[in-house]
Amino acid sequence: MLDWEQLFATRSSRMRASEIRELLKLLDQPDIISFAGGIPDPALFPDAAFKEAYSDIFSGQQVNAALQYSVSEGYKPLREWIAKDVAKIGIDCTPDNVFITSGSQQALDYLGKLFLSPKDTALVTWPTYLGALSAFNAYEPNYDQLSLNGNRTPEAYRDTAAKIGGSVKFAYLSADFSNPTGETVDLAGREKLLALADELDIAILEDAAYQHLRYDGEAIPPIMALDIARRGGIENTRTIYSGSFSKTLAPGLRVGFVIAAMPVIRKLVLMKQAADLHSSTINQIAIEHVASRGFDAQVAKIRAVYSKRRDAMLAALDKYMPKNATWTRPEGGMFVWVTLPEGMDGAELLAKSIATEKVAFVPGKAFYADGSNANTLRMSFSCADETMIDEGIKRLGRLISNAIRAAA
Ligand SMILES: Cc1ncc(COP(=O)(O)O)c(C=O)c1O
């Protein structure tokens, strides 16, 4: 048999099957209560609005353009709609600063490709979005822990990067309701990050996939908005903002976007021409059709449902979890992050949980660039109703309490 490994490029050695993908298969088993997949509840998709959108496209003049190749930057009316929508949160930009991607996952791949030479350093939070690590891994970077409390000096970051043989290129983070922890970076943390990025002279990749899903608390301006305000305009910013319609409208259409200064956009356009020419024309038109007619109402609808599920999960954790477990209390998004006592292993617990309790979650270790913190779990509340959440957390609480007792 051919030894494929010796033919594959060295970058392929860091491409590994994602634990999350494997786990998503569990969702097909009807008797499992799953807190594993970080996906939207399909019952909340605006399917009637999409049906109308596609029907309008096919019954009107637009059909030929919708089925044709189109420009790499993306569908202009959609870029105009996005520019107007983000203006509401302080991101003052032109439609030319908006670049459409096939999901925001593609933005992460492109940005990894654009910035990272082998051995360069990407600063990421500990933990971070697993899909970002997968996207960046192909470009053979080094990861260093992004600290937002100012306890690492710029020199420390620079020295570590130089020892590896590259330089620090960007800091990647989700400032609102991050995947996996559900946590939000406060205003002071955002300002500190901008100051650190200034000192290191690096880009900031702000992943805003969950931005619209706030259930309570005060909205904090995006890092991009703060950067624009400080610099007097988008062309002087160092932040690159990525957004997505996956969590608000539907992920299957694969429509996301990047907002950045023109030098970055121009490079991304060239990359897209080389990679896939453009994102699906018809899906971009359909997204614009649905967003321009009812985006805010759709967001209000999903917020109402997810906030109740978030409340149910927090209440169940309070009720059933042993005292020595801790968890985040997110103000939005889809996730609660649970930390168990040191020495416990989320992966072992998952195997037991599926076998005896029929409850799934994601072990937290995969979200750490260094594979540490095996005693953590990511729990998603987006796809289970309140009764299932109470029952699932009850079973999990029992399992964890028993495991802690057995280890004592
Ligand atoms: C933080 C974060 N960024 C990006 C993505 C990618 O989403 P999409 O490509 O569907 O826009 C996800 C998906 O779960 C995510 O959680």
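Order of appearance sets the numbers: ligands from 1, and atoms from 1 within every ligand.
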Practice problem: Taking salt bridge (charged side-chain N to carboxylate O under 4.0 Å, His left out) as the test, write out the residues that go with Arg293, two or more places apart. | Solution: none
Quiz item: Going by an N to O cut-off under 4.0 Å, is there a salt bridge joining Lys308 and Asp385?
Solution: no
Practice problem: Write out the protein residues near ligand 1, meaning a non-hydrogen atom under 4.0 Å from one of its atoms, in order of chain and number. | Solution: Gly103, Ser104, Gln105, Tyr129, Ser174, Asn179, Asp207, Ala209, Tyr210, Ser244, Ser246, Lys247, Arg254
Quiz item: Angle class for the His212/Phe295 ring planes (parallel below 30°, perpendicular above 60°, tilted otherwise)?
Solution: perpendicular
Quiz item: Would you call Asp144 and Arg152 a salt bridge, using N to O less than 4.0 angstrom?
Solution: yes
Practice problem: Give a yes or no on whether a salt bridge exists between Asp198 and Arg230, defined as a side-chain N under 4.0 angstrom from a carboxylate O. | Solution: yes
Quiz item: Any donor-acceptor pair under 3.5 Å linking the side chain of Thr184 with the backbone of Phe177?
Solution: yes
